[in-house]
Amino acid sequence: MSPHAVGRRHVHRSVAAGVPLALLATLVVAGTAAGTPSGDARVTHTATLGDIPLGAFSNASLPGTVDNDRGVDLGGIGSDIYPAGRKGEFWTVTDRGPNGQITVDGKKRRTFPVPGFDPAIVKIRVSGDTVKVLDAIPVTASSGKPVTGLPNQKGRDEAPYSYDAKTPLSYNPNGVDTEGIVRAEDGSFWLVDEYGPSLIHVSARGKVLTRYVPEGLDLTGTDYPVVEALPSILLHRKVNRGFEGLAQLPGGDLVMAVQSPLSVPDEDAGEASLTTRLLRFSPKKRAVTAEYAYRFDPVNVVDPSEDDTSELKISSVVAVGRDRLLVEERTDKAVRLQVAKLSRGADILGDKWDDDTTSPSLEQLDDPAASGVPVLRKRLLVDLGKVEGVPGKIEGIARVDHDTLALINDNDFGMTDGEGAFDAQGRLVDSGVETTVTYVRLPRGSGI
């Protein structure tokens, strides 16, 4: 069963201390939003997730995993959203948990204030102006123990530290930074992860069945099967910019989106590039069957307030036909949705662009199409940055019906970066950003 809570933070401490979770009220109500349309697109409804102590949430599924939640509430479930079948119900997934950055001696350190937190699949229902938690499925290893959200490999992933960035934490090869989610016909789930990057198949109750990673990753010491089935070029993913979007095509194939351009041949190339990659994976063949070059629009087109190309990301992809995808291009402040067509002629799997010695690399090409790269064709569906009422940092999109989308934001568990993220007692200074599900009615004749 999932934990539920109501009220402000001073109530939470007594709730977490001993009240049975089944008796906790569900969530806090927020007002419905109805924004001024941009074109014909408009927000029709907003529902908000209330405050649920993270320790109570985690320990309800995996007792004893969190001994001190440092005042952090459940959040981060906005990493993705996928229809659960019934009206208003969705599957969502958390990321690796509360984390931030603090600069020490001129270098940024990655902090994990609640290192015992275990990523979870969370089933929710939009009920009026409230988001209710219906179920929580922790992601676990073969032994049933939590995988945690801690980094996997020293030297490849950021080193983990305590909440104040003073104490080093241990790496965990089982750890996952989950992002996208879809549900298969047999009730199992597919997730994508930013660390590997990897594609993860988990059972209906969250046990990792197989983690598919790039060839050459050499991830050892896991308590679940690891298969090197993805192209080795993915070893060049930017830190914290692995797979973030995941879509399930009508036939069951999966499409994974690399959040940002790869660092090929180096970080500078990746930071300046507008070209990222999508991969098609066949669960039946357990193999990647196609790869596509996807070209971002210039950053100042996606977000007129931004001039840093490295801020561009793909956080969500949604199947809207047998060979069409809804692709979210975003910064933290703006979102544009494109419709891209997956054509056979655009497949670059196994060609020279998958060779990290190719020069110039795919990522270095100013105009890939002019160099013979079959870049995916796309068309703009809607600029959500111009739709009043759409929150920032949208990371999950679900198709509700032919003209309505459900959006979910990542509130980062209410965390901010810097030494001021926690008070003198080591308790979170909450950002005030809430997790919301926002319904958007698309422009007439949008064609999805």
Side-chain angles (χ1 to χ4, degrees), residues 79-80 93 95-96 118-119 121 139-143 145-160 170-182 184 188-203 206-248 253-264 270 276-292 314 317 349-350 353-356:
S79 287
D80 204 4
V93 64
D95 57 20
R96 57 186 168 179
D118 191 55
I121 296 165
V139 181
T140 58
S142 298
S143 63
K145 294 181 179 180
V147 297
T148 79
L150 293 170
N152 300 155
Q153 297 174 306
K154 184 177 181 179
R156 174 169 170 77
D157 300 319
E158 292 173 300
S170 298
Y171 289 86
N172 183 354
N174 289 321
V176 292
D177 185 4
T178 43
E179 295 293 344
I181 182 173
V182 300
S188 64
F189 296 93
W190 291 92
L191 311 171
V192 287
D193 151 81
E194 295 216 61
Y195 286 141
S198 51
L199 174 67
I200 307 168
H201 192 200
V202 304
S203 72
K207 184 174 292 188
V208 175
L209 303 173
T210 308
R211 184 177 180 183
Y212 298 93
V213 302
E215 294 179 1
L217 181 63
D218 193 27
L219 179 60
T220 60
T222 60
D223 185 23
Y224 48 68
V226 173
V227 177
E228 294 189 353
L230 309 182
S232 62
I233 196 74
L234 297 175
L235 295 173
H236 296 280
R237 62 96 175 100
K238 296 181 188 178
V239 174
N240 297 333
R241 300 283 184 93
F243 291 143
E244 185 149 294
L246 178 66
Q248 184 170 233
D253 278 5
L254 306 170
V255 178
M256 304 165 283
V258 182
Q259 184 181 15
S260 297
L262 301 176
S263 297
V264 184
T276 190
R277 304 176 188 229
L278 307 181
L279 290 96
R280 183 167 181 158
F281 183 90
S282 168
K284 294 179 181 178
K285 297 179 180 179
R286 300 185 180 183
V288 173
T289 58
E291 179 182 354
Y292 309 97
I314 292 178
V317 287
L349 182 65
W353 308 116
D354 276 347
D355 182 346
D356 61 9

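This is a predicted model, so every value here is computed, not measured.
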| All side chain to side chain donor-acceptor pair (under 3.5 Å) counterparts of Gln153, not counting sequence neighbours | none
| request: Please check if the side chain of Arg156 supplies one atom and the backbone of Gly196 the other of a donor-acceptor pair under 3.5 Å. | output: yes
| task | Taking Tyr195 for its side chain and Pro173 for its backbone only, find out whether a donor-acceptor pair lies under 3.5 Å. | result | no
| request: Compare every heavy atom of Pro151 with every heavy atom of Glu158, then report the nearest pair and how far apart it is. | output: O-CG, 3.3 Å
| field | Listed partners of Asp193 passing side chain to side chain donor-acceptor pair (under 3.5 Å), at least two apart | value | Ser198, Arg211
| Are the side chain of Asp177 and the backbone of Arg96 linked by a donor-acceptor contact shorter than 3.5 Å? | yes
| request: May I ask you to decide if Val258's main-chain N or O and Arg237's side chain share a donor-acceptor pair within less than 3.5 Å? | output: no
| field | Leu234 and Leu279, any side-chain heavy atoms less than 4.5 Å apart | value | yes
| request: May I have the step-by-step check of side chain to side chain contact (heavy atoms under 4.5 Å, CB included) for Leu246 and Leu254, ending in yes or no? | output: CA-CA 7 Å; Leu246 178 66; Leu254 306 170; 4.1 Å; yes
| query | Which atom names give the shortest non-hydrogen contact between Leu349 and Pro231, and what distance separates them? | reply | CD1-CG, 4.0 Å
| message | Quick test of your reading: applying side-chain hydrogen bond (donor to acceptor under 3.5 Å, both in side chains), list the pairs with at least one residue in residues 278-290, sequence neighbours left out, ordered by first then second residue. | response | Asp253-Arg280
| query | Within the side chain of Asn172, is there an N or O that forms a donor-acceptor pair under 3.5 Å with the backbone of Asn152? | reply | no
| request: Take Val176 and Leu191, measure what side chain to side chain contact (heavy atoms under 4.5 Å, CB included) needs, and give me the verdict at the end. | output: CA-CA 10 Å; Val176 292; Leu191 311 171; over 6 Å; no
| request: Mind checking side chain to side chain donor-acceptor pair (under 3.5 Å) for Glu179 and listing every partner two or more places apart, or none if nothing turns up? | output: Ser79
| task | Sort and list the pairs that fulfil salt bridge (Lys or Arg N to Asp or Glu O under 4.0 Å) and have at least one residue in residues 214-232, not counting sequence neighbours. | result | none
| query | Does the Asp356 side chain pair with the main chain of Ile233, one donor and one acceptor, at a distance under 3.5 Å? | reply | no
| task | Using the test side chain to side chain donor-acceptor pair (under 3.5 Å), find all partners of Thr220 that sit at least two apart in sequence or belong to another chain. | result | none
| said: I need the minimum non-hydrogen distance between Tyr171 and Gly155, along with the two atoms involved. | reply: OH-N, 4.2 Å
